[in-house]
Amino acid sequence: MKTAIESLCGIHADIKVLITALELPVCDWDDKWIDVYLDNSVKLLDICIAFTSEISRLKQGRLFLQCALHSLTGASSNKFVSARSSLDGWSKHVGSKNPKLENCFSVMESLARTLDLPKIKNSSKGKVLMRAMYGVKAVTLFVCSAFAAALSGSAKNLKDVQVSETYLWGETFTDLQTFVNTEIRNSKNGSFAVLKEIEDVVTGVEKLYPVVRDGVGVGPVGDEELKKCTLDLEKSTEKFAEGLNLLGKEVDGFFQVVLTGRDALLCNLRVGGDVFDQMRTNHRLDGQAVR
């Protein structure tokens, strides 16, 4: 998923390069193009915020794992009770719903309903730009949908983006999307396989919990089993933390790319508006001078 989000950053950055290459300044944009860009960007920012919220929630859940592991390394007579309580807390935490992430699916549904871009007339450069934005939007929906399904642990809301067959890349896009979405839907625990670090932690907890629950540790065999399960969970927890940190950085990077693109457009609109107002003022003063 880290690579997928990283690719989105590159694609959205390429749009800005394309605008420059087309020599199509914002002041020449049709109002509809601007509305589409601004509407899409604010929804993408909402999606990024939802992803960041869920990543932060998962990081908080890691504290339960650390508490459980810390309890098991101690000499307290209640260490199994304490560890079991922490593992129960982890399971309850990861099984709860994140309202922001749940709302994210409705935002993507709204984006999908407006996938078709406005018709362009009398502007060949405008047509190129709108076709490019169509492709970017389709890929963004595909990646974000898979990412949201992975974070939620459920493929229930996984979206199949329908693209027009008139595009040369349409068939390839559909084939890739079908392959990825099928893998997610057929994976263990819904879509946990997409975020392998989470799946490894879940497996580690499932192995350790019955050992802790039964209070193993009174004999040589029990001690060895406890030690192995604890070490496995400790390793998977570390990788889980690393994966979340890398994922969080990529989501933050994507947020910044979308935000800077939106800010640049608004800035250009303000500058363009100031220039236009100044031209009108100069024209009016010239007219008064003539009279």
What one should report as the nearest heavy-atom pair of Val258 and Ser41 is CG1-O, 3.6 Å

Quick one: CD1 on Ile55 to NZ on Lys249, what's the gap to the nearest 0.5 Å?
12.5 Å

Check for me, please, whether Leu38 and Ile47 land in the same ILVMFWY cluster - side-chain distances under 4.5 Å, paths through other members count.
yes

Inter-residue atom distance Leu111.CG - Asn40.CG, 0.5 Å rounding
5.5 Å

Give the minimum heavy-atom separation between Gln162 and Leu115, together with the two atoms involved.
O-CD2, 3.4 Å

Linked, directly or transitively: Val136 and Val257 (ILVMFWY side chains, under 4.5 Å):
no

Are Val81 and Leu226 connected into the same hydrophobic cluster when the rule is that any two of I, L, V, M, F, W, Y join if their side-chain heavy atoms are below 4.5 Å apart?
no

Is the Tyr134 ring parallel, tilted or perpendicular to the Trp169 ring (thresholds 30°, 60°)?
tilted

My understanding is that only residues two or more places apart in sequence, or in another chain, count here; which of them pass side chain to side chain donor-acceptor pair (under 3.5 Å) with Ser82?
Ser71

Mind checking what makes side chain to side chain donor-acceptor pair (under 3.5 Å) contact with Lys59, not counting sequence neighbours?
Asn245

Same apolar cluster: Leu63 and Val201, side chain cutoff 4.5 Å
no

Shortest non-hydrogen contact from Ser91 toward Val205
OG-CG1, 4.4 Å

Any salt bridge (charged side-chain N to carboxylate O under 4.0 Å, His left out) pairs touching residues 106-115, not counting sequence neighbours?
Glu109-Lys159

Should the pair Phe64 and His93 be assigned to parallel (<30°), tilted (30 to 60°) or perpendicular (>60°) ring geometry?
tilted

We want to know whether Asp88 and Ser85 form a side-chain donor-acceptor pair, criterion being a heavy-atom distance below 3.5 angstrom.
no

I need the Met108 CE to Leu44 CG distance, nearest 0.5 Å.
10.5 Å

Transitively linked via ILVMFWY side-chain contacts under 4.5 Å: Phe147 with Leu246?
no

Do Thr114 and Lys137 meet the criterion of a side-chain donor-acceptor pair at a distance under 3.5 Å?
yes

Shortest non-hydrogen contact between Val212 and Phe80, atoms and distance:
CG1-O, 3.2 Å

Approximate separation, where rounding is to 0.5 Å, of Ile198 CD1 and Phe240 CZ
5.0 Å

For the pair Gln177 (side chain) and Val161 (backbone), establish whether a donor and an acceptor sit closer than 3.5 Å, ignoring hydrogens and angles.
yes

With Arg62 via side chain to side chain donor-acceptor pair (under 3.5 Å) - residues at least two apart
none

For residues 34-44, pull every pair meeting salt bridge (charged side-chain N to carboxylate O under 4.0 Å, His left out), keeping only residues two or more places apart or in separate chains.
Asp39-Lys43

Report the C-alpha separation of Phe51 and Leu247 in whole Å, then their side-chain angles, then the decisive distance to 0.1 Å, and conclude whether the side chain to side chain contact (heavy atoms under 4.5 Å, CB included) test is met.
CA-CA 10 Å; Phe51 289 167; Leu247 208 54; over 6 Å; no

Side-chain donor/acceptor of Lys125 to backbone N/O of Leu22, under 3.5 Å
yes

Looking at every non-hydrogen atom in both residues, tell me the closest pair between Val94 and Arg57 and how far apart they are.
O-NH2, 3.8 Å

Pairs flagged by salt bridge (charged side-chain N to carboxylate O under 4.0 Å, His left out) wherever residues 5-15 is involved - sequence neighbours left out:
Lys2-Glu6

Rounded distance [0.5 Å steps], CG in Asp252 versus CG in Leu259:
11.5 Å

Rounded to the nearest 0.5 Å, what separates atom SG in Cys144 from atom CD1 in Ile5?
5.5 Å

How close do Asn157 and Ser145 get, heavy atom to heavy atom, and via which atoms?
O-OG, 4.2 Å

Salt-bridge present (Lys227, Asp232; N to O < 4.0 Å):
no

